[in-house]
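Here's the structure we're looking at; comments come further down.
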Amino acid sequence: MATKKAAPKNSKNTPVKPKKAAPKAANISRWFPFILILATFLLYSRSINSQYVQMDDTDLILENEPFISNYHNLGQAFKQSCFEIPAHLTDSRSYYRPLLILSFMVDAHIFGTRGMDEEFQNKDFLMIDEHFYEAARSSITFHFMNILYHILVTLLLYYLLLKLAAPPPLALVLGLLFAFHPVNVHAVAWVPGRNDPILAVFTLLSFHGLINYYRHGKTKDLVLHIVSYTLALFSKESGVILLPLYFLFLWLWEKDLWYYKRKFFIPIIYIAITVCWYIIRRHALNGNEEFGGKNPVFTTLFHNLPYLFLYIGKILLPFNLNVMPGVNTEAIILGIASFIGLGCILYFIKDKQKVIFCVIWYFLFLLPTLIVPELPAYEHRDYLPLIGLVLGISQASFFTNFSLKSGTAMYAVVVIGVVFIVITSIRIPVFANCFDFWQDATENTSFAPSAYVNIGQLHQEMHDKEMEACNQGMNAYNQEHNPNILQRANQFKTHAAQELELAGEFNKKAIDMDSTTLLGNNNYGAYLYLEGHQDEAVKYFQREIKFNPHSSDPVKNMGIYFKEKGQSAKSVPYWEKLIQMNRYNFDAYNELIGYYRQTGDFQKALAYKQTGDSLYQISKQKYDKIAR
């Protein structure tokens with residue numbers, strides 16, 4: 001007989017309690033952007049207290065203070081060249097970087113450009129330190145903003161990687177490696193180097209807008225895309241490279257060759273914006289900027305092709321870093337090794353069309369740097385090309401299932417990250433001040449002679465300021481007869497002599513290495529002149545004129561030599577040549593006016609006075625306009 005199973009108690013009346021859902025794993029990926037911000041800032045925070053290094057920064061910021069400290073000049077920034085400094089008027093034009101100047105305007109209004117200078121100017125003479133002229137300038141804001149631009153680029157790159165289907169952990173790791181990469185130090189720690197991060201910001205924003213519009217068709221994304229492209233153009237001429245990259249991205253990455261045929265109005269907008277930019281730029285530069293310099297473009301390009309080894313070599317093997325890199329055997333070897341390594345990485349990308357896009361991105365953004373003559377392979381130029389390679393690496397097959405718990409892959413990433421952090425930490429102090437900066441440029445580079453000239457120039461400037469302080473002290477002593485003031489004045493005189501001697505040593509070293517180095521002969525001649533060897537100094541002035549005929553300094557020094565020699569007639573051709581070089585050279589006008597008055601040729605004196613006065617009024621109006 002079958003027995004009944006006992007029913008469970010309360011089977012009908014007691015509800016069964018649902019099982020508790022397992023707590024969701026914390027979504028740590030939401031913290032990834034904050035990790036990028038914090039890590040990048042901590043690494044570069046040491047650069048905030050760096051000084052100006054006297055390579056373009058003093059020209060664009062300190063010398064250009066009347067311009068960038070006045071917001072009324074915002075529109076004028078789009079109408080003139082980057083180096084059109086009101087204190088140094090000239091008809092020459094070079095580089096068109098309006099957004100770079102606008103970024104300096106923003107910084108100048110946050111804290112100013114000169115910081116503690118006024119405090120030192122108001123000090124009592126006895127309280128002035130022997131290095132008073134090295135007063136801290138308020139470069140803090142400018143360096144801080146450089147870090148922010150780099151952080152913004154890193155974040156935009158992170159979100160672009162996510163948009164291109166990279167797992168969040170991989171996007172974080174690649175973003176950190178980009179942020180830490182030693183080749184980017186030049187773009188972040190050197191104030192004018194911000195131009196490349198600024199261009200990168202608008203490049204990445206334009207791709208965000210393009211991808212969003214392609215996928216969702218929202219007008220706001222198209223507006224973001226178009227506006228970002230426009231701002232990229234006004235950041236740097238390299239922005240025009242984005243046009244072929246947009247097409248290649250849709251073709252090779254999104255596999256849509258005919259997208260622009262369907263959306264034909266977008267290329268029309270591109271063309272209209274590019275033509276307008278070109279017209280504005282050409283007007284601002286007066287057509288004076290020529291690619292390739294005086295040589296044909298292909299000649300310059302062929303000459304600079306070895307620079308590719310320097311740029312490529314520092315991507316995977318950033319061990320030959322320099323603020324003024326030149327080609328040498330070590331650079332070639334590192335370049336070949338890095339090229340092979342990158343090739344192996346890109347080999348693991350199954351979609352070869354994406355590989356082609358990333359390689360084209362890298363080389364297209366490097367191309368403009370290869371048609372600029374007689375300049376080093378500056379590392380900040382690798383900033384934007386590197387982003388293309390990061391996009392490619394994110395597609396490698398061995399990263400398909402990447403996570404923070406990935407064994408071998410994660411260990412490799414940590415090792416590379418630590419190496420990058422160490423090298424970057426070592427490189428940042430190089431940009432701390434002008435002496436460390438230019439000293440770095442003397443090591444293991446073909447541009448060492450130019451660096452020695454610049455170091456010599458720094459010591460020469462220190463000599464001049466020490467002597468100025470000495471003269472002020474002697475004047476104060478003659479009035480007060482205070483022995484302490486006399487002692488301080490003599491200290492400045494002693495320091496001035498030491499600085500002059502160092503200036504001579506560095507300039508001599510430069511011309512011993514390369515007798516044609518720009519300003520090497522002139523500056524060594526200036527040292528000899530101040531040491532009382534005027535006739536010997538002339539030989540070096542003449543050599544400078546022979547080797548570098550476009551240099552105005554030796555021409556001026558020759559004029560001074562003959563005038564002080566009592567042979568003013570021989571100085572006239574040099575004053576006239578100075579005016580031919582720069583019609584705004586008012587010192588030359590004054591010398592010619594004085595000479596012709598002394599010789600009784602009042603007609604010529606009047607002619608030079610009228611011309612000089614007319615140009616002076618023009619320059620004064622320009623200065624008053626921007627400084628109002």
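A quick note: this is a predicted structure, and the numbers were derived from the prediction, not measured.
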Determine yes or no for a side-chain-to-main-chain donor-acceptor pair under 3.5 angstrom, with Thr424 supplying the side chain and Val185 the backbone.
no
Run the side chain to side chain donor-acceptor pair (under 3.5 Å) test against Asn454 and tell me which residues pass, sequence neighbours left out.
none
Using distance alone, with no hydrogens and no angle criterion, decide if Asn444 and Asn320 have a side-chain donor and acceptor under 3.5 Å apart.
yes
Report yes if the distance between the aromatic ring centroids of Tyr383 and Phe178 is under 6.0 Å, otherwise no.
yes
Residues in ring-ring contact (aromatic ring centres under 6.0 Å, His included) with Tyr270, at least two apart?
His225, Tyr229, Tyr246, Tyr260
Other residues, nucleotides and ligands only: do more than 12 of their heavy atoms fall within 6.0 Å of CZ on Phe302?
no
Would you please test Tyr44 and His150 for ring-ring contact (aromatic ring centres under 6.0 Å, His included) and show each step?
CA-CA 10 Å; Tyr44 276 98; His150 186 47; 5.4 Å; yes
Please check if the side chain of Asn304 supplies one atom and the backbone of Val372 the other of a donor-acceptor pair under 3.5 Å.
yes
Is Lys352 atom NZ crowded by more than 12 heavy atoms from other residues, nucleotides or ligands, each under 6.0 Å away?
yes
Single hit among Phe431, Tyr149, Trp190, Tyr311 for ring pair (Phe, Tyr, Trp, His ring centres under 6.0 Å) with His380
Trp190
Using a 3.5 Å cut-off and no angle test, enumerate the donor-acceptor pairs between side-chain atoms of residues 334-348 and protein atoms at least two apart in sequence or in another chain.
residue : atom : partner : partner atom : Å
Ser338  : OG   : Ile312  : O            : 2.7
Ser338  : OG   : Leu316  : N            : 3.3

Trp438 and Phe506: ring-ring contact (aromatic ring centres under 6.0 Å, His included), yes or no, with the steps?
CA-CA 12 Å; Trp438 289 111; Phe506 282 107; over 10 Å; no
